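Everything numeric here is computed off the predicted structure, so don't read it as measured data. Chain A is the first sequence line, chain B the second, and so forth, proteins listed ahead of strands; every chain is numbered from 1.
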Amino acid sequence: CSDEFLEKEPFGELTDDQVELPENIESLVISAYSILNGQGNEASNAFNSPASNWSFGDVLSDDAYKGGGGTGDQNQIHRMEIYNIDGQIIDVVQKWSVLYEGVYRANTVLKALKNTTEFDEATKTQRVAEMRFLRGHFYFELKKLYNRISYTDEDGNYLSNTQITPEEIWTKIEDDFNAAIAVLPETQADPGRPTKYAAWAYLSKTYLYQGEWQLASDAADEVISKGGYSLTPNFSEIFIPENDNGAEVVFAIQYSINDGSPSNYNGSIGDRLMPPGGPRYAAYGFLRPSQNLVNAYKTDVEGMPIIGNDDVTETDNVDPRLDVTIGRPGIPYKDLEINYEESWARDLATYGPYGPKKRVISANHPAYLQSWPYVTAANYSIIRYADVLLWKAEAEIELENLEEGRTYINMIRERAKTGSYIQNLEGTANAANYLIDTYDDPFASKEEATIALRTERRLEMAHEGHRFFDLVRWGIAADVINTYLAKEQIARGFLTGATFVAGKHEYMPIPQSQIDAGGKDESGNALTTQNPGY
Amino acid sequence: YAHVNNDIINAEYSAYQQTVSGTITDNLGEPLPGASIMEKGTTNGTTTDFDGNFSIDVSDENAVLVISYIGFNTQEVSLNGEANISVTLLENAAALSEVVVTGYTSERKSDLTGAVAIVDMGGVVSQPVASVDNMLQGQISGVNVVSSASPGGPSSLRIRGYSTIRNNDPLYVIDGVPTTSGINLINPNDIESLQVLKDASSSSIYGSRAANGVVIITTKKGKSDETKVSINMHSGIQNTTNLPNNLSAENYGNVYWQGFANDGITPAHAIYGNGATPVIPDFLDAENTIPSANTDWVGEIFDPAIIQSYNLSLAKGGEKSHSMFSLGYFDQEGTLKYTDFSRITARLNSDYKLFNDVVTIGENLTVAYSKSVGTSTNSLLGNAVYDAFRIPSIAPVYDINGEFTGYPLSDTQNPLGNLYRNKDNIENRVRVFGNVFTEIQLFEDLKFKTNFGLNYTTSDRTSFSPTYKEPNPQRVINSLSVRNNKQFDWVWSNTLNYTKTFADKHNFSALVGIESIENLYEVTTASIDDLPTNELNIRILNAGDQGTQTNSGDKIEYSLFSYFGKLNYTYDNKYLFSATLRRDGTSKLLNNRWGTFPALSAGWKISEENFFNNEGVISNLKLRAGWGVTGNQDIPAYQTLSGYSSNPYYSNYAIDGAQNSTQTGFTLSRIANPDLKWETTTQTNIGLDFGFLNDALTFSADYFYKNTEDLLLFKTLAPDQAGFSNSGQWQNVGEMENKGFEFTADYQSDRAKDFNFNIGVNFSVIDNELLSLGEGINFIETDPGVLNNVNFDQSTSRTAVGQPIASFYGHVVEGIFASDAEAASSNQSSAVAGDYRFKDINNDNVIDDRDRTFIGSPHADFTYGINFTANYKALDLTLFFQGSQGNDIYDLSRYYTDFFNLANYNKNDRILNAWTPQNTNTDLARVSLNDPNNNIRPSSYYVQDGSFLRLKTFQLGYTLPENVAEKIKASRIRVYLEAYNLFTITGYEGLDPEIGLQNYDSDDRNLDIGVDRGIYPSSQTFTLGLNFNF
């Protein structure tokens, strides 16, 4: 009788048996999507593992500084920024862990679906495809950040990073996306679920990262020709909450606020340090545009990019995307009817006057949470159509089809040109000297085309968490970043002494905790080993 | 100062036989029932009745009566013709005959074989703190109290070190009912006696949860036929001392400019201007609403505060029943403004003897209500103390409109505004705690007892965050949240107790019992935003914007079932043996649900041996030795069971694209480990008790060795297999060792003299070491999710194999580079003159994370307490010193206050002594905003010596003459003045060297002990107290 007294079952939990019922498997599916936002526990520090990769993709590149209250504020991201990185940095550890949580959750569903007998076959097949898409995404992110990663399938078969090569990982990722393509529908009633074309797009990206240009181009073609996507007419409207699942969105993380959850962690929680200060926003002031990025938007008299990166002056011509992407003093901020001011910038002396703007939404909008944690319901697009067009352009240029490449680049520039420009407060004129045009002449060389393509990617995709990974896959990260550091540190002294070491800093270190707890092989060697240089 | 009272004389005289009657009381006027009265030189004798009254026929009007009572000095009284006498007996100094409550039974102190500390409640209860556990600091060797000094704040007892990594709190047993929380809802004035069972041989009878020691509390009951009324009260004023000096508005600007110069940055500051020197403007904002000031922010948030305590008790006893009723009111305002704790307690204890004393039925019941307004301290976020360190002095408290304002360039809230806005966020708690019991004398030597105890505690807290703007931190939408929780525990124990003495020399006692315990915890929370006003009357959930409402809840249950037995045997009052065995089952475990916990001990009263000369200097000598095993199963419930649960923080998703709703997801609740087993601690204790000069001087020394195996530890698993939401699994890994030496000494001068004094000293050395964490794991640290909110992501401490728990870990600062050339030739490529030279621990010519090492320990080399009391006629004096030597403090508050990396925050005055080419004799690196050398990193710079000696209590009392007392029918009136924390001698520069825990409930609570992030400091308190006895 005493043993019966000692049997206590948890309240409010599904048992292993209950979980295999169809309606309960659906709730496991939801939780697999839920981890896309990088929020995996009850702490408010998903900014250490942001879905948007603002720290890994932007701060580590030449596009942004960490920002915040000084170099001691999130000092570990400061250390990343000055390339003093090791496997104990919490962001390095937490990002790795959250992505594997995603793998784990996708595998959990896949395994449950294998075991269940009651699920209707059509839905089951769909859910398997969705989970393979998600798993592909999580492994892609891991591969891109850490390169040498481990692999676990839904049956629990595990290969550590000494047992599987990065090349084999690519194949596994391709397999997941191909499996998703084979089953997923062309459209989804739930916009949060991937479509066939989202899977094609991700497959294109997977090939692109491997330099498989023809395959990348072919996959992109599927998206372009059949996906039904289009560019949002105004560049400034891509990122507004109304266009959360608009025509340009290929696959996005669905954010929600004021939905009954205790701390609004279903919003853009990984980006919660981004509000720029000023009278209407919390003054976290992280992700601060670099001077170098501002300068990149300078255009010549014909509206074409200037490569030299001289400081922009008030009279210079600039690409209109500049003031959509970056908060600049004297330029109206969103629809708040006030100018962004230098005084908004937290720790101006250290991080300069600019603030983030592109993925910050209007403080007037109901999708902006005006209380802690100041998140938004505006989705983050993992892939948007403009990205696909630029992949296509890049693949074609690499395949020496320069004209094809020019066409797709111009689609992007055309939208930037024809859309509406930021107006001054009075609404009487453009807020700055905006001038942009398309590439009207064929590229003279593959080199010229490549420069055009890479510049365009930077201008179009800035502060969306992609820049660093682009530099790495182009093989120019060390050159570009060290050149940037050498110049930028004159104005931004905290970069003094920072050096990007080629062959090391392209990838993050493997978390020390992973190496420590990752087990040993029969001869006593660690199953997980550190990346080169760390 | 025993005396014969001649005032009450019944002088009827008889030549050859006279009846003498009288009363025997103790020094507090309490009657002593059962005291023995003998006519000297005869066999004529009697004993006192329940009210201490006696009557004896004596043969001679000048007879001498010998009056004796266990625990008191025997006294001889010459009658000199008196027919009615009242005698006050004085307590025996060593009180060796005192009966102490141990596990389920009681025994004479002189028969104890384990390490049991007995606290004199009379000496501690006047302390101006709410909770009895707080009163124990420094009083007992081997017991350390880690507490928050906030009003009614939590505390955590550490008995003989850290036997485990997670929960080290002891088990409290109050009138036979075990509990682990809510001690601050027990009125200390209701406590009759408090014992601490320190070693396994004494505590093992509570096997299941005894590994951290057991605190046994027995509450008062009535003794006298007459109703005894006592009133104890004190009230006083608390003050905060030793406030840090932060930079003035002017100095802050100057140091900022020094930083600009050092970094080669052209000065540019939104407030101090762009000139060659900083300029203090008239206003901090363009609208001219925030006038510049020179605010002493730390001074602003602290204020002297009132503390008061009133207690009334009525007690009545008799042969057939006892009862005690008490009422208590305690109110402690915090020295940190707008914080407060108040408590009302009521207690009714009673028992009745029925059926010719064969059956005793009784109950002890207390109902307590507390109301508190707290604030979080020792944390980065939302900590007014730390915010007061950080907000620049140039910011005024109020703007020109009288609203709270602040510093436009930083996110630091006005700390006073923050406290003010929190002032109505009250937590109410109600606790009903008590037991009913029945004891039946089955046979002459056999007793059965059944005891049912319960604890029902509810608490509710309403938190309202009003809108405000000051000017940078702001809240544009107000928010209300409500949290209710409920704890319901019950325990039912049944014991059989057999006691028998054979042939006058063999004393046996045996006990067997069973016990069941069930514990239920339930929590419900809800919140809503956007209420129409910030006024008090609107603060209910219905008033807000329904679209923003949230709710959540959880429910946890566990149970324990136990069998236990105990056997005591004493031979000839010389040789003592004791054995206990307990077997416990817990719902928290599955495949290894049951644990068995044995203990053995023995004692040898050497001084009772015939060869021992009892007339000599040594009056008592006892050797004790004990060994025992205790258990710990204190892990979160259900860790052996797999399951899937929904968590609104990380398992829901708006799959349909909605912006204000989500679908519910379920995810793995935990990585279950069905093979978890009990953590066991094996402890050996050897003790020696000495008494000299008829026990006027006593010494006691104990050596213990504790070894904890199968440590219950949340072990981090490889993240590529475990993921993130469940980053690890509870496992039995690791081994911890504690060894130590405890010493106490006590000297009592002759109490019969007008001037007498007592001096007590305790001294402890505890050595803790983590021996193992299982294969492949060398250390654990605080969970990163915790580090962010409380530690600025700085990892300060590491619990590592071969080190004591929570040792400080970081770089070693070897010095400061004297020149750029010296820096350039070092391993630190970005360093210049004035930067720290960090030690290259692994000699690889690179300074990186691998060069971190252990840089300090929060554990003391030794701790001690000195208690001195003296009486002179009606005056009494108490001095209590408490100290700790050799412990370090990691002063993490220096992260913001000593480095300019976080430029928009104020600094401590220490930074005026930062390195400059002219000021090289310093331990603080140069001022730099950019800090390319990362001087700010965790290092030995932050580690400070935390040793201190504190005069904790100074009390001077005066007992009014009896004729004065009698005018208001009182038997005794005493008035006293007490100074608490009168002075502290320490080299530590922070607010207070006694650093509490960061969080008293967290699983990680012991992983970062001794880290100072701006704590709630202990107050210096002056109180006036009054004791009335009627």
Side-chain angles (χ1 to χ4, degrees), chain A residues 2 5-6 8 10-16 19 27-28 30-31 33-34 39-43 45 69-73 76 86 88 90 96-98 100-101 104 150 190-192 245 254 256 258-262 265-266 283 343 347 349-350 367 370-371 377 493-494 496-497 513-514 517-518, chain B residues 263 268 270 411 472 475-477 479 547-548 550 552 555 557-559 561 585 587 638 642-645 648-667 669 716-720 723-725 784-785 788 793 829-830 849 901-904 929-932 936:
Chain A
S2 59
F5 176 67
L6 297 175
K8 301 287 182 196
F11 296 101
E13 291 191 6
L14 297 171
T15 63
D16 285 339
V19 143
S27 67
L28 294 184
I30 292 297
S31 83
Y33 281 103
S34 172
Q39 175 67 46
N41 62 11
E42 292 180 19
N45 62 344
T71 50
D73 193 357
Q76 82 288 355
D86 61 56
Q88 286 175 29
I90 179 179
W96 169 278
S97 306
V98 162
Y100 275 109
E101 175 72 21
Y104 178 84
S150 63
D190 287 326
N245 292 304
Q254 306 294 318
S256 156
N258 288 332
D259 52 23
S261 69
Y265 285 3
N266 296 319
S343 64
D347 206 353
T350 308
Q370 301 209 352
S371 56
F494 65 88
T496 306
S513 56
Q514 172 64 48
Chain B
D263 289 349
D411 59 346
N472 196 349
R475 175 178 271 278
V476 298
I477 292 177
S479 177
T548 64
T550 75
S552 66
K555 190 170 167 182
E557 190 179 37
Y558 71 86
S559 55
F561 193 84
S587 68
Y638 316 126
S642 170
Y644 292 80
S645 53
Y649 291 95
Y650 56 80
S651 73
N652 299 344
Y653 193 67
I655 194 77
D656 59 359
Q659 290 180 346
N660 300 110
S661 67
T662 56
Q663 277 71 41
T664 302
F666 275 72
T667 186
S669 309
T716 303
L717 301 177
D720 65 356
F724 184 72
S725 302
N788 175 251
D793 277 318
S829 58
S830 306
D849 263 30
N901 304 52
L902 296 138
N904 288 319
L929 282 67
N930 292 327
D931 188 17
I936 196 172

Using non-hydrogen atoms and a 4.5 Å limit, figure out which bit of [X] sits close to chain B: side chain, backbone, both or neither.
X: A:Leu28; answer: both
X: A:Asp86; answer: side chain
X: A:Asn41; answer: both
X: A:Gln39; answer: both
X: A:Gln88; answer: side chain
X: A:Val19; answer: side chain

Do the rings of B:Tyr638 and A:Phe11 sit parallel, tilted or perpendicular, given the 30° and 60° boundaries?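 Geometry flag for A:Phe11 against B:Tyr638: perpendicular rings.
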How far apart are the C-alpha atoms of A:Leu6 and B:Tyr558, what are their side-chain angles, what is the distance that settles it, and do they pass the side chain to side chain contact (heavy atoms under 4.5 Å, CB included) test? CA-CA 8 Å; A:Leu6 297 175; B:Tyr558 71 86; over 6 Å; no
B:Tyr650 and A:Glu42: side chain to side chain contact (heavy atoms under 4.5 Å, CB included), yes or no, with the steps? CA-CA 7 Å; B:Tyr650 56 80; A:Glu42 292 180 19; 4.1 Å; yes
Count the heavy-atom pairs under 4.5 Å between each of [options] and chain B, then report the option with the highest count.
options: A:Pro191, A:Ala43, A:Ser27; result: A:Ser27
options: A:Ala283, A:Gly497, A:Ser31, A:Gly192; result: A:Ser31
options: A:Gly70, A:Ser513, A:Gly493, A:Ser371; result: A:Gly493
options: A:Val98, A:Asn245, A:Thr496, A:Asp73; result: A:Val98
options: A:Ala377, A:Gly40, A:Gly260, A:Ala517; result: A:Gly40

Between [options], which has the largest tally of heavy atom pairs under 4.5 Å with chain A?
options: B:Ser651, B:Gly643, B:Ser669, B:Ser645; answer: B:Ser651
options: B:Asp656, B:Leu902, B:Thr664; answer: B:Leu902
options: B:Pro932, B:Ser830, B:Ala718; answer: B:Ala718
options: B:Ala270, B:Gly657, B:Ser725, B:Ala268; answer: B:Ser725
options: B:Ser559, B:Gly665, B:Gly723, B:Ser552; answer: B:Ser559

What I want to check is whether the side chains of B:Asn652 and A:Ser34 have a donor and an acceptor closer together than 3.5 Å.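 Distance-only check fails for B:Asn652 and A:Ser34.
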Within the 3.5 Å criterion, strictly below it, is a donor on A:Asn258 or B:Thr548 matched to an acceptor on the partner's side chain?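 Judged by distance alone, the side chains do not pair up.
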Please answer whether the main-chain N or O of [Y] pairs with a side-chain N or O of [X] as donor and acceptor at a distance below 3.5 Å.
X: B:Asn930; Y: A:Phe494; result: yes
X: A:Glu101; Y: B:Phe724; result: yes
X: B:Thr550; Y: A:Ser261; result: no
X: A:Thr71; Y: B:Leu929; result: yes
X: B:Tyr653; Y: A:Gln254; result: yes

Would you please test A:Asp259 and B:Ser661 for side chain to side chain donor-acceptor pair (under 3.5 Å) and show each step? CA-CA 4 Å; A:Asp259 52 23; B:Ser661 67; over 6 Å; no
Determine whether A:Tyr100 and B:Pro719 make a side-chain contact, defined as any pair of heavy atoms from C-beta on separated by less than 4.5 Å.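 A side-chain contact is absent here, since even the closest heavy-atom pair is not under 4.5 Å.
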Quick one: [atom1] on [X] to [atom2] on [Y], what's the gap to the nearest 0.5 Å?
X: A:Tyr104; Y: B:Thr667; atom1: OH; atom2: OG1; result: 7.5 Å
X: B:Ile655; Y: A:Tyr33; atom1: CD1; atom2: OH; result: 4.5 Å
X: A:Asp190; Y: B:Gln663; atom1: CG; atom2: CD; result: 7.0 Å

For [X], is it the side chain, the backbone, both or neither that has a heavy atom under 4.5 Å from a heavy atom of chain A?
X: B:Leu717; value: backbone
X: B:Ala658; value: backbone
X: B:Asn660; value: both

Yes or no on side chain to side chain donor-acceptor pair (under 3.5 Å) for B:Asp720 and A:Ser150, after CA distance, side-chain angles and deciding distance? CA-CA 7 Å; B:Asp720 65 356; A:Ser150 63; 2.6 Å; yes
Is there a side chain to side chain contact (heavy atoms under 4.5 Å, CB included) between B:Asn904 and A:Asp347? Walk through the geometry before answering. CA-CA 7 Å; B:Asn904 288 319; A:Asp347 206 353; 4.1 Å; yes
